[in-house]
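In the text below, chain A, chain B and the rest are named by the order of the sequence lines, each starting its count at 1. Since the model is a prediction, treat every value here as computed from it, not as a measurement.
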Amino acid sequence: MYLDLDQDLVRRAREVAKEVTDDVQKFIDLRSTDSVERTVARFFDIDGTDSEGAPLPNVIVDNVKKHGGLDRGIAYWIANACVAKSMTPQQVAEAVGRKEFSPVDLAPQNEGIVAQKIDELADAVIKKLENIRNTREKMLNELGDPAQPYIYVIVATGNIYEDVIQAKAAVSEGADVIAVIRSTAQSLLDFIPYGPTTEGYGGTYATQANFKIMRQALNEMAGKVKRYIRLTNYASGLCMPEISAIASMEGLDMLLNDSMYGILFRNINMMRTFVDQYTSRLICAFSHIIINTGEDNYIKTSDPIERAHTVTTSQLINEQFALKAGMEPKYMGIGHAFEIDPDVQNGLLYEISHALLTRELFPNAIPKYMPPTRYMTGNIFKGYAQNTLYNLISIMTGQSIHLLGMLTEAIHTPLVQDRYLAISDAKYVFDNARSLGADITFKKDGFIQKEARQVLTNAVKLLEHVKEIGLMAAIEEGTFADIARKMDEGKGADGVFIKGEDYYNPVVDRMETALKGGKMI
Amino acid sequence: MYLDLDQDLVRRAREVAKEVTDDVQKFIDLRSTDSVERTVARFFDIDGTDSEGAPLPNVIVDNVKKHGGLDRGIAYWIANACVAKSMTPQQVAEAVGRKEFSPVDLAPQNEGIVAQKIDELADAVIKKLENIRNTREKMLNELGDPAQPYIYVIVATGNIYEDVIQAKAAVSEGADVIAVIRSTAQSLLDFIPYGPTTEGYGGTYATQANFKIMRQALNEMAGKVKRYIRLTNYASGLCMPEISAIASMEGLDMLLNDSMYGILFRNINMMRTFVDQYTSRLICAFSHIIINTGEDNYIKTSDPIERAHTVTTSQLINEQFALKAGMEPKYMGIGHAFEIDPDVQNGLLYEISHALLTRELFPNAIPKYMPPTRYMTGNIFKGYAQNTLYNLISIMTGQSIHLLGMLTEAIHTPLVQDRYLAISDAKYVFDNARSLGADITFKKDGFIQKEARQVLTNAVKLLEHVKEIGLMAAIEEGTFADIARKMDEGKGADGVFIKGEDYYNPVVDRMETALKGGKMI
Amino acid sequence: MIPDVDLSHLKPYGDQMNDGVIQLSFTLPVPGGAKAREAAKNFVSSMGLSEIQIVLSEDIGENFTFFVIYAKTTKDIDYSSIKTLEIESPKMSIDEVNGHVMKYLGRQITIVGATIGSDAHTVGLDSILNMKGYHGDSGLERYRMFKVYNLGSQIPPIDLVRKAREVKADVILVSQIVTQRDIHIKQLTELADILDAEKLRDKILLIVGGPRITHELAIELGYDAGFGAGTMPSEVAAYVATEIIKKKL
Amino acid sequence: MIPDVDLSHLKPYGDQMNDGVIQLSFTLPVPGGAKAREAAKNFVSSMGLSEIQIVLSEDIGENFTFFVIYAKTTKDIDYSSIKTLEIESPKMSIDEVNGHVMKYLGRQITIVGATIGSDAHTVGLDSILNMKGYHGDSGLERYRMFKVYNLGSQIPPIDLVRKAREVKADVILVSQIVTQRDIHIKQLTELADILDAEKLRDKILLIVGGPRITHELAIELGYDAGFGAGTMPSEVAAYVATEIIKKKL
Ligand code: B12
Ligand code: B12
Ligand SMILES: Cc1ncc(COP(=O)(O)O)c(C=O)c1O
Ligand SMILES: Cc1ncc(COP(=O)(O)O)c(C=O)c1O
């Protein structure tokens, strides 16, 4: 490889990261959350809202919680109600929405029959998800997987129908991946909005209906352009597992999914996010949804050179949590970004070094490279030049998922023409420098190699420290992104609970078995 | 170095190029031209125009020619007239302009006195040129030489005063070199226009007054920005040596000066250009004016990859002619250009290879790198990206003189804002990738190394062929730029003559002695 | 000024004085071709531009056509008579500001800052408030005579006002970065209305900032001042000090 | 067309239908600052644009300020009623052209081409005339029924006309690449005038081409047709064949 990293150090980095996450995993395994339970409800095809517009998955889970039954897991209550009332889960939820009864008040039905009901419902989910996954992969094989780096663009009009128009244009211009950015801070909503939406700020609400609309539009385009087109949305947040659930049911290909983003950048309670991300990633692992981790966020506010090792540290932690969810490396879209101040002398050498470090540290992953944003300005021409160098470094260092920079990054969410210019530039640069990476090498112990080693060394130091005190304590102490979050503070803390000994989550259970033959790893 | 070229092949290339030019030099040494003689007149301070506006240097040379005395060289006739009429050369020329007499009709004066007059006039020139050269170099040392690659921009409004405004803005933005582009096809005028001019097409007329005006403006700016600013104009053409003369007297730093440009691209007679370029380059060598050769022109019309070796061939020939004029390599601005179609896959690797070849073939020269032009389009954003990659290759491959590309190359001569955007981009890229070249190497026998060897090999083949048949025959055959020019055709043929045995050019003579202790080399 | 510039008939400068050249780019929601070019041309001339050169007309798919155009304006404007409404506040050092406030007010100035509504951007506000400041220019927390409460981002206007009342704030500093669909207008108006409703408006110096904010916009929205892209903390400090002192005298 | 586009009130599309967003850039010959920004704003609103966002206002030295601006148009145009004057000539293969000319004219068409005046650019004209052609589309010399004289560049109009008379040209193809200071207008007008003076104008099909040439401009200058950037030789061939046949019938 280019950096010739000290392989013992690399091994050490992984070991420590594993130990750091092992403890947290023990903590996770004892707990569930409202969102995890709503995920089960959604998998049991509970959808729609009550008369006040509250989503039925929230309605039924909140009801069971209010009546003190949630520690057993929602699956049992739904199944018991289905048997008792000989209703479908949807009918049960609607009835609860109409305040006709609480599942908890219903008489417990014959154990065997209820258990059978649970299995029946859960097996159906698994079958369904497998079918969706297989259809996607069949389509991918038929149409063919575009060459890497994938050209990844964002649509963010706030209106799903407008998004579709722009997404189609982007695909016909050469986009391989379309991400529909979520409306500002949807991650802070403790429910998933319902139905198609046309009003959002800075983005479009993530709803199952919106997923379906965009997926269909992209499939049409894929047929036209004879190229498989991937669809991306955002999971991290208070509904992390639920978003994964609807994504898996609507055939999405990627999800922004970070084990710590919600905690650090959205002040979501850490217990909540840790527990949620596990189920969320199980679903992604099972449905072969590529996760995109959010390391770019670290260097959006702190210095991209001095703090480069925090990116590496987070990448290693994300990798371990993904492994614990039984995810194969090829679905790990390990994040990093081109955020160095363009006024830094030799900034480009730092970028090359950092980009290669990610690439070589995760040879089997599918790294996601993010464009310059914080140092973009109103000078759209300079911005275009910054993006051109970013594109060059991406092809040169062999990145896999390439989120395009927009020349108007500092101004507004992309105009159609901004996206066109970004796509045509990426195509130009990728093609013009296609084999550059294969033809160059770097001076032994030169600037680029030294910098990469330095970053890795600092990352290991940081990990050692985190291991010392434990990940959660480290977060409380403000180790990451200079942001301190307390154990019991933050949004959604009240949505975490300890599983009762009769707790059962049939979907998670089946996924764990399928992915790793049982929970413990 | 990066390419590890076969040094025997490099030596061979130079040998053949030398042999090719040796024959031509013999041809040159026997001849002079109207322009060469006008050069002497100008050095003797003959300036201004007659009542019809014809420049006095043309007036007196044409007169002597008409009266059949030119084969003796203009110097003698001027000196003889000065003595006879006890006039200054200027007074003589004015008198001739008023048709009062022809120098040829005046009685020959005492040989010794005339000889003395000639020496006096010629020594004065040499003194003067040395002073101007020293002042320039003093200023350069005091203000400091900017880092390479020099940021070189063009002004081309057609109006010298407008040019000054824009040149000043460019300097304050960071330009190191200002080139005033000549009015369209001035190279085809057999005289140099007189005085300050405000009307030109595609550029501004090269006149001594215009040189003076711009030089003064740039010196002011140089003081302000505490950076020596170089001034460039264009020599190649029918007045090649004269332009060098006025440039040397006005303290210019660089001249576009190619041994074959006029022949191939302006259909100027080949004998005329070969003879002219010799005197022109003697003057540049003596006044330490950096020449810029025009190899970019070859690939403006023919394929930059297939015909890359014609660039190399021309570079080697230009080098030899420059050496014959006693020029030190550090004044040889060997030209090449970034002209590959952006749609060519791996085009950037070809560009790197070609750029390095020039750099490594002429390690002691001061290569001039030219930007993308022919594949620039109305898409100014894409153009900006092409220029960004061009800037990157330039800093990465260690070029010396860097002519900035304009995002509007396909549209109009640069607007102030186009130039600003070009300069700020070059500064950004140069600084951001400052040490990139020092940190990378290329795979042994990889794409880039192979391509460079191929080009050099083809160049040597071509040179061998040229040597076979002789350079002039080769040009007649259309060997260069697919353009065939006949020996006796083309503009300005009638301005070439064989020196009489009493021919004497005191200025050329002194320069040859100063530069190489006599003519033969 | 450039010698021959005519300030009372100012025009853009392309490559010579008064040529009036400008560059435009935009997209029309129609397929590429002669008709689209004609449409673009009509549109540009409807803006009073002439000598229109369509240098790029690119069908970018799905019935969109992207244009790059150069044209010359027929209009000119009177520069000499332009009056700008600008925030005028003297350049002052930290000590000067502190001294000033001490001398004329004799107490600390209380400042509450927040990014309101759904806007989660804090870097801008922090670079004005935090010690660290912006590009080497220290933030307001560094000023002895300022008492700063930085509430962070995503603060509902109502909470911001509550806090302001609670600490008897003299100044409210609001940051708004997200402007898409004019959400900042909505949120800033909401804040101003609450302050009016609670009869706090005239007791408080109300300031907004953000990259898309102009002083003009701020005034329109009933704010005292607006600070835009590249604002330095010291500018804000000097303005706050002088204004509060004016207010209290 | 895009579903909800209103063709009789067409506006630029930024990130939603009819938002009318456009991008501009230009330079004002005044030093940077608030007054320059205000001037830029006034200038842009004088073009009937609103919601003006000055996203870059950069003093580029020597009393020049460069602006990048986004704004929204208030104007819309009627696309549905647009008529374009376009060169209409059928798509024809080389054989079709030759066949056609043979059938209806029964002789070769004589074409003289040149870049006139001081203009030294030949690549454009050559790519129309030379065998090799342009982007794989063969040039007119490849057509059996065309007799082509390519005089090259820097040809004085008078010489071009002499040659045309000498070879009894049916068609004159002129290339003009350099347009600075409208030199092409001067040179093209001169050529047209000479042809009039020599009573040749109506005997000859007069065509001009170049990257900055439009059919409209050509008509204005009294030419029969103008071909712009990216012209393909086959378009010219088809046009020439059909027009000459029309003329001679
Ligand atoms: C960093 C960043 C983020 C970070 C924010 C981290 C954080 N803790 O702040 C993260 C990743 C979280 C983020 C998220 C989003 N962002 Co954001 N983000 C940016 C980015 C890249 C840089 C902003 C920045 O830090 N600038 C540096 C600071 C110093 O500059 P500044 O903010 O202009 O502040 C200066 C002045 O404006 C002024 N100022 C600012 N505030 C105040 C207040 C006062 C009182 C005063 C006096 C002065 C003042 O002083 C400062 C110093 O001079 C910009 C793009 C860009 N390059 O500007 C996008 C950008 C602002 N983000 C944008 C969007 C849309 C979002 C999202 C909504 C996208 C989405 N749908 O997910 C999300 C959600 C956030 C939310 N809920 O609001 C858009 C806004 C578009 C618009 N005009 O509406 C931008 C422009 C990117 C884009 N083109 O789409 N973002
Ligand atoms: C190559 C080139 C040169 C070469 C020309 C070599 C040659 N033998 O042609 C050289 C180096 C000699 C040159 C010199 C100059 N050039 Co020059 N040159 C260019 C360049 C880079 C490419 C032109 C080209 O070959 N295009 C490729 C051809 C295929 O495209 P095209 O010409 O548009 O032709 C197509 C269509 O227009 C059409 N077409 C063209 N002609 C005709 C004719 C007919 C009858 C028809 C039907 C169609 C048709 O069909 C063609 C195929 O589609 C352009 C910049 C650019 N990227 O466009 C500058 C450019 C044209 N040059 C320019 C200038 C100013 C000059 C100089 C005057 C500069 C100077 N002061 O020295 C000199 C002098 C030349 C002179 N006396 O005229 C300017 C013109 C600016 C303007 N609009 O006025 C340009 C735009 C560069 C710039 N931005 O400054 N140039
Ligand atoms: C990992 C990850 N998840 C989610 C998001 C965005 O979600 P939201 O804006 O709703 O918090 C981001 C945005 O940067 C992200 O990086
Ligand atoms: C070496 C050289 N001399 C001179 C010129 C231009 O001079 P002119 O346009 O007057 O022929 C050029 C332009 O490309 C050149 O390369």
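- Both the backbone and the side chain of Asn432(A) come within contact range of chain B, judged by heavy atoms closer than 4.5 Å.
- Heavy atoms of Thr441(B) lying under 4.5 Å from chain A belong to its backbone as well as its side chain.
- With chain B as partner, the option from Phe442(A), Tyr350(A), Phe381(A) having the largest number of non-hydrogen pairs under 4.5 angstrom is Phe381(A).
- Only the side chain of Leu421(B) has a heavy atom closer than 4.5 Å to any heavy atom of chain A.
- Looking at Asn346(B), both its backbone and its side chain come within 4.5 Å of chain A, counting heavy atoms on both sides.
- Between Phe338(B) and His354(B), the ring centre distance reaches or exceeds 6.0 Å.
- Looking at Glu409(A) and Thr373(A), their side chains never bring a donor and an acceptor atom within 3.5 Å of each other.
- Between Arg374(A) and Asp296(A) there is no salt bridge, since none of the side-chain N atoms of the basic residue sits less than 4.0 Å from a carboxylate O of the acidic one.
- With hydrogens and angles ignored, the 3.5 Å screen pairs a side-chain donor or acceptor of Asp176(B) with a backbone N or O of Ile151(B).
- Of the atoms belonging to Tyr384(B), it is side-chain heavy atoms, and not backbone ones, that fall under 4.5 Å from chain A.
- For the atom pair OG1 (Thr312(A)) and CG (Asn458(A)), the distance works out to 9.0 Å, reported to the nearest 0.5 Å.
- In terms of heavy atoms, Leu456(A) sits closest to Ala13(A) at CD1-CB, 4.4 Å.
- No side-chain donor-acceptor contact under 3.5 Å links Ser353(B) to the backbone of Leu349(B).
- In terms of heavy-atom pairs under 4.5 angstrom with chain A, the leader among Gln345(B), Arg434(B), Lys382(B) is Gln345(B).
- Your options are Asp343(A), Asp425(A), Leu407(A), Val344(A), and the one with the most heavy-atom pairs under 4.5 Å with chain B is Val344(A).
- Of the atoms belonging to Ser435(A), heavy atoms from both backbone and side chain fall under 4.5 Å from chain B.
- Comparing Leu389(B), Asp431(B), Leu392(B), Thr388(B) by heavy-atom pairs within less than 4.5 Å of chain A, the highest count is held by Asp431(B).
- Contact of Asn387(B) with chain A is not made at all, since no heavy-atom distance falls under 4.5 Å.
- Between the side chains of Thr358(A) and Gln315(A), at least one donor-acceptor pair of N or O atoms lies under 3.5 Å.
- Interface remark: Gln386(B) contributes backbone and side-chain atoms alike to the contact with chain A (heavy atom separation under 4.5 Å).
- No other option in Asn379(A), Ile380(A), Leu436(A), Ile340(A) has as many heavy-atom pairs under 4.5 Å with chain B as Leu436(A).
- Taking the six-membered ring for Trp, His336(B) and Tyr369(B) have ring centres closer than 6.0 Å.
- Only the side chain of Ile352(B) comes within contact range of chain A, with at least one heavy atom under 4.5 Å from a heavy atom of that chain.
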